[in-house]
Chemist: 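Handing you a structure now.
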2 protein chains.
Amino acid sequence: MVSGANSRKYSETMIKRAKGVTISQVADAAGVARSSVSRAFTRPDMLSPETVDRILKAAETLGYVPNHTARALSTGRHGNIGLIVPDIANPFFPPLIQAGQLEADRSDFCIFLGNTEENPKQEDKLVGRFAGQVEGIVLVSSRLSDERIRAHAAQLPLVLINRDVDGIPRVLIDSSSGVRQAVEHLAELGHRKIVYVSGPANSWSNKQRRTAIRSAASGLKVDIETVPAVLASYTSGRNAVSAILATGATAAVAFDDLTAQGVLAGLAEKKVSVPGDFSLIGCDDVLGAVTYPALTSVSNRSVEAGRVAVSLLIEMLQSNGIRDARYVLQTHLVMRETTMALGYRGP
Amino acid sequence: MVSGANSRKYSETMIKRAKGVTISQVADAAGVARSSVSRAFTRPDMLSPETVDRILKAAETLGYVPNHTARALSTGRHGNIGLIVPDIANPFFPPLIQAGQLEADRSDFCIFLGNTEENPKQEDKLVGRFAGQVEGIVLVSSRLSDERIRAHAAQLPLVLINRDVDGIPRVLIDSSSGVRQAVEHLAELGHRKIVYVSGPANSWSNKQRRTAIRSAASGLKVDIETVPAVLASYTSGRNAVSAILATGATAAVAFDDLTAQGVLAGLAEKKVSVPGDFSLIGCDDVLGAVTYPALTSVSNRSVEAGRVAVSLLIEMLQSNGIRDARYVLQTHLVMRETTMALGYRGP
DNA sequence: ACTTGACATGCAACCGGTTGCATGGAAATC
DNA sequence: GATTTCCATGCAACCGGTTGCATGTCAAGT
């Protein structure tokens, strides 16, 4: 045991990675053919128990580990599935990712995660890059055009989350049910003019929510105005506040909780009290009660979405068929403390 | 153009993935040997420009895409690097991941992201699984034992973030500088008893912060008590509040911002006003000004950490050497609104 | 005109597994 | 005891590229 700086110098040059114990070496050691070693690992039932034993023992002592790449090359299977999201930093996605990972694990698949930063080019690139190394891809809230998605789907099994492309298996979180409840709730509280703070232009969810709000409002004598927040982020929300107030609305529904949180901050900054002067509802319910005041929001089903999408993909892989599945998950309003009757001034 | 349900039935069975245009087919089409096709892509300078042209054209029309797996098998290189984090849902990590991804991109590497859910077993498994498909791994805030880390480092290039294992390249965010400032700040405000709300037991950062607080306090006539929060999360922080108050302390430093946010909520629940009655400081500054009141926190350097770790790894891969590098990134206190002089009662 | 060298290209082995088919010996059948 | 059947194992081709070396060609050098 040499210690400290001296020994370190040696370790720099001496570390040699324990490279490549191959199937042939194991075969030699066990006195069998390479194919038998292969079978000992993949189809032990084909061999006599003693042979399997001998091979496994030899493999063990040599420290043999099957080479994933070689195996993938000959079988065409690598046991990985890709999961691509637009923005890991958005709290909507991590629970979805975790759920997907868990589900993949159950079938011994491994998740490769990609982050596109909301950039379609990056998304395209990532899909291409993943294509060779995964057996299928789950595209979450894709920002790609329908054509690109179709093109990719022609190359490898694809499942979409929150994107509705005909003929491609997809899992949709239907926020319209929850959004409808939100509008009804605000209408009941007496609000007659509501702003929708919209999200990314090419987001399917955004389109869906905007439509749902309009349709809900049309039956309720409620006016809707849309104010764009560009991105789904705190800053975007905060910047949108002036425009929101300029409409004269008394309540807002934001594209997501992050945006809502930004709006909340912007309102506080302008001394507009929530919910006293202004009511606010988010979407996705990712911030739960951690804002102040606790944000009323539309529930999300991201965990189920992740789980279902992955299991759907795995099912496709195993049955080798394409199912034109279309799962829809309903949502509802989660009431907290950012909404109040118009003109109400405390107890 | 047949529409709707009918055509769908066909598409189910008819879709055949455009599988496997190989190098041989391109070679035939272009009238050259397989090796020339290979060279046209990897070392075009070895071929005459016209030949390259012809081959590329043939490849283009056939829709040839080099098979990543096959290439990896013969070269031993796959151009991927693994990045493993304990919890994507923790806002500390996404910026780090993004920065790493960006840096990897610059050298045309692709990041495979793994999430361990704070579980060492899962981490071990993930490293093993990645080992065959990536050229190196960045382990962020590893929860593994030193031995396991060393064992893995013997198998493939490894860079650590926020983990200090001798002989293994590592990038450390030194929160002690910032934490020291935090304690000094609280001491100046008159606080004489401070609680450290600790984080995960096997977290290097946690150990570092606890030590730094103790050492900073010892020179300042300040008492430190430690209250465990078990996990780095909102809930853990919130649950720790009773214990925190029971110590009689007037201020706390939390392991991270998430924990601090939980503490903030717990205090509000118990009608303890912040900063009036109690001062609170977080770590990692991930929530910025989005809490209420805006959280004073110790800055993080996660973006640099991600960038440096990845570039370090790539450097190792290219030079094929192991550098016993140890980058340390300093931090500082970011003042906001959750600290106040003891006994101060407003202007 | 003949050697020399440079350069473009082809040949074939190799990366490390998997798998269809052949083979040989033991057990089962008649 | 001869024939059939079955099972364990080996052989060799294959997955789709890469790469060291050999070969052939053509231009420059003498």
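Because the structure is predicted, anything quoted here is derived from the model rather than measured.
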Chemist: Report which part of the nucleic acid B:T42 touches: base, sugar-phosphate, or nothing (heavy-atom distance under 4.0 Å, all strands).
Modeler: sugar-phosphate
Chemist: Which atoms form the tightest heavy-atom contact between A:C110 and B:L126, and what is the distance?
Modeler: SG-CD1, 4.4 Å
Chemist: Among all residues two or more places apart in sequence or in another chain, which pass the salt bridge (charged side-chain N to carboxylate O under 4.0 Å, His left out) test with B:K57?
Modeler: B:D53
Chemist: Please work out which residues in residues 61-78 of chain A have a non-hydrogen atom less than 4.0 Å from an atom of DNA chain D and list them by number.
Modeler: A:L73, A:S74
Chemist: How would you list, by chain and number, every residue that makes a side-chain contact (heavy atoms from CB on, under 4.5 Å) with A:T75, sequence neighbours excluded?
Modeler: A:R71, A:R77
Chemist: Tell me every residue that passes side-chain contact (heavy atoms from CB on, under 4.5 Å) with B:A72, counting only those two or more places apart in sequence or in another chain.
Modeler: A:T69, B:H78
Chemist: Classify every nucleotide of nucleotides 23-28 of chain D by which part a protein heavy atom approaches to under 4.0 Å, writing B for the base, S for the sugar-phosphate alone and - for neither, in 5'-to-3' order.
Modeler: ------
Chemist: Under the salt bridge (charged side-chain N to carboxylate O under 4.0 Å, His left out) test, which residues partner A:D146, sequence neighbours left out?
Modeler: A:R163
Chemist: What is the nucleic acid contact for A:S38, judged by heavy atoms within less than 4.0 Å: base, sugar-phosphate only, or nothing?
Modeler: base
Chemist: When you measure from the side chain of B:N80 to the backbone of B:Q133, do you find a donor-acceptor pair of N or O atoms at a distance under 3.5 Å?
Modeler: yes
Chemist: Go through the steps for B:I81 and B:I137 under the test side chain to side chain contact (heavy atoms under 4.5 Å, CB included), then give the verdict.
Modeler: CA-CA 6 Å; B:I81 77 184; B:I137 291 183; over 6 Å; no
Chemist: Can you give each donor-acceptor pair under 3.5 Å made by side-chain atoms of residues 34-46 of chain A, sequence neighbours left out, with the distance rounded to 0.1 Å?
Modeler:
| unit_1 | atom_1 | unit_2 | atom_2 | d |
| --- | --- | --- | --- | --- |
| A:T42 | OG1 | A:S38 | O | 3.0 |

Chemist: Looking at B:E118 and B:P86, would you say the former's side chain and the latter's main chain have a donor-acceptor pair under 3.5 Å?
Modeler: no
Chemist: So what does B:V32 hit on the nucleic acid, given a heavy-atom distance under 4.0 Å: a base, only sugar-phosphate, or nothing?
Modeler: sugar-phosphate
Chemist: Show the nearest heavy-atom pair for residues A:V21 and A:Y64, with the distance to one decimal.
Modeler: O-CD1, 3.2 Å
Chemist: Would you please name every residue forming a salt bridge (charged side-chain N to carboxylate O under 4.0 Å, His left out) with A:D124, sequence neighbours left out?
Modeler: A:R148
Chemist: Quick one: side-chain contact (heavy atoms from CB on, under 4.5 Å) partners of A:S48, sequence neighbours excluded?
Modeler: A:E50, A:T51
Chemist: If you walk 5' to 3' along DNA chain C, what is the first nucleotide with an atom under 4.0 Å of a heavy atom in chain A, and what is the last?
Modeler: C:dG16 to C:dG20
Chemist: Angle between the two end axes of the helix from C:dA1-D:dT30 to C:dC30-D:dG1, five base pairs per end, rounded to 10 degrees?
Modeler: 50°
Chemist: Does B:K125 have any side-chain contact (heavy atoms from CB on, under 4.5 Å) partners at least two apart in sequence or in another chain, and if so, which?
Modeler: A:D105, B:Q122
